[in-house]
Amino acid sequence: MKYLKFLLLSSVLFSSVSFAQTLDIKQVTKVIEPKTLNANFRRIGLELSSTDVKNAIYYKDSPVSQLNADSQTLIKGIFDFVLEYETNYFRWDNSVYAEYAETKLKPADEPADTDESADKILFSTNYTQKIWDLKYGSLGPFFDGAYQTEFTRNNGAPRMSVIRGKVGLKLFDGLVFKDLYLAGVTEYDATYSPNVNKTAGEIGFRIEKEIRDGVKFSTDGYYRRYFSFSEYETEDLRYDLNLTARMDVKLNGYLSVGPYLSYRRAHARGTPVAASNFMVGLSFSYSDLFNLIKKDEK
């Protein structure tokens, strides 16, 4: 907890100093900030995959669909969009991410059984202050606010409803590391009644690398470790590890296809073992970037 408080205080102080410096630069030099405003459709697509779930029986009441799913072959829909605004002094992203995968089984002479293996809606806003320009990217404090929920409830588990805030330090806009951050996390979890307040620490990353013309490798993930809870729920996670990797081969300017891997591992407080979900599959996706500010407007 001392470390978390120190991290939060340091980020606020960094932001204050940087903001004061920014005002001073503007007043003295009166330089017009170059700026970009992009509508970035990172990925809209379908993923055909096979998933292998371990210890799902211990997580049948968990709201995390990936941990209580059956091992199966499935098709998953993905929507990943970010509205990006950037100046010399800060970057501000507003994003919507959604994914859903459902399998329906109809045994002979038995009712149909529906099983979700992925169900997530995430709205987020992320503000990052630029303080230092380094060899591998820009470095500065950031704040992230998000709301996470689901399209539907999974079996008998409640529908997830979480408000999450993060404050920390981030390396971003590098040639390889698009994001690399360390943050303190606070959550207001309204999934259960009474609601649960949580604190955690998190490290995360996003990497993109052009292998050759028309071929791009990308990977992202995070590790979140929870420290404290205001209420006890057996389904609350002790830690959460989420990793993905993908190779995109361009078919044309907008469409791509390629293999991908996904791995999630988490351990709930009320279970003796951790659960994991490993997916391997093929991704078909559309991506495009629209510049919403013309050059003569910069």
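Computed from heavy atoms alone, side chains included, the values below leave out hydrogens, waters and symmetry copies. In what follows, residues are counted from 1 in the order of the sequence shown.
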Would you call Glu202-Arg225 a salt bridge at under 4.0 Å N-O? no
Check the pair Lys166 / Glu187 against salt bridge (charged side-chain N to carboxylate O under 4.0 Å, His left out), numbers first and verdict last. CA-CA 9 Å; Lys166 303 177 189 176; Glu187 286 188 357; over 6 Å; no
Short side-chain to backbone donor-acceptor contact, [X] and [Y], under 3.5 Å:
| X | Y | value |
| --- | --- | --- |
| Tyr58 | Gly270 | no |
| Thr149 | Met160 | yes |
| Ser230 | Asn197 | yes |
| Asp236 | Phe229 | no |

Sequence neighbours left out, what passes salt bridge (Lys or Arg N to Asp or Glu O under 4.0 Å) with [X]? Give chain and number order.
| X | value |
| --- | --- |
| Asp179 | Arg91, Lys170, Arg206 |
| Asp248 | Arg246 |
| Glu150 | none |

Same cluster or not: [X] versus [Y], using hydrophobic residues (I, L, V, M, F, W, Y) connected whenever any side-chain heavy atoms lie under 4.5 Å apart?
| X | Y | result |
| --- | --- | --- |
| Phe172 | Ile131 | no |
| Ile203 | Tyr263 | yes |
| Phe205 | Leu241 | yes |
| Trp92 | Val82 | no |
| Val249 | Leu251 | no |

Between Asp144 and Asn126, does a side chain to side chain donor-acceptor pair (under 3.5 Å) hold up when you go through it step by step? CA-CA 4 Å; Asp144 183 282; Asn126 185 293; 3.1 Å; yes
For [X] and [Y], work out which heavy atoms get closest and say how close.
| X | Y | result |
| --- | --- | --- |
| Ala266 | Tyr59 | O-OH, 3.4 Å |
| Leu243 | Gly221 | CD2-CA, 4.1 Å |
| Gly140 | Thr128 | O-CG2, 4.3 Å |

Contacts table for residues 40-48: side-chain donor-acceptor under 3.5 angstrom, sequence neighbours left out:
residue : atom : partner : partner atom : Å
Asn40   : ND2  : Glu84   : OE2          : 3.1
Arg43   : NH1  : Glu47   : OE2          : 2.5
Glu47   : OE1  : Tyr260  : OH           : 3.2

Starting at CG of Asn88, measure out to NZ of Lys35 and round the result to the nearest 0.5 Å. 10.5 Å
Contacts of type side-chain hydrogen bond (donor to acceptor under 3.5 Å, both in side chains), residue [X], not counting sequence neighbours:
| X | answer |
| --- | --- |
| Tyr223 | none |
| Asp133 | Ser138 |
| Lys120 | none |
| Asp240 | Tyr222, Arg264 |

Is the Phe143 to Tyr127 ring centre distance short of 6.0 Å? no
Can you give me every donor-acceptor pair (side chain of residues 209-219, partner residue at least two apart or in another chain, under 3.5 Å) with its distance?
residue : atom : partner : partner atom : Å
Thr219  : OG1  : Thr244  : O            : 2.7

Taking transitive links into account, so neighbours of neighbours count too, which hydrophobic residues share a cluster with Tyr97 at under 4.5 Å side-chain distance? Ile78, Leu122
Got a sec, which hydrophobics cluster with Tyr192, joining ILVMFWY side chains under 4.5 Å apart, including via others? none
Can you name the side chain to side chain contact (heavy atoms under 4.5 Å, CB included) partners of Leu37, sequence neighbours left out? Leu83, Tyr85, Leu292, Ile293
Evaluation steps, side chain to side chain donor-acceptor pair (under 3.5 Å), between Thr199 and Thr186: CA-CA 4 Å; Thr199 60; Thr186 180; over 6 Å; no
Applying side chain to side chain donor-acceptor pair (under 3.5 Å), run through Ser193 and Asn195 and close with a yes or a no. CA-CA 5 Å; Ser193 181; Asn195 300 331; 5.5 Å; no
Which is it for Glu86 and Lys130 under the salt bridge (charged side-chain N to carboxylate O under 4.0 Å, His left out) test, yes or no, and what are the steps along the way? CA-CA 10 Å; Glu86 186 168 358; Lys130 294 183 180 180; 2.7 Å; yes
Phe227 vs Arg238 side-chain heavy atoms within contact, under 4.5 Å: no
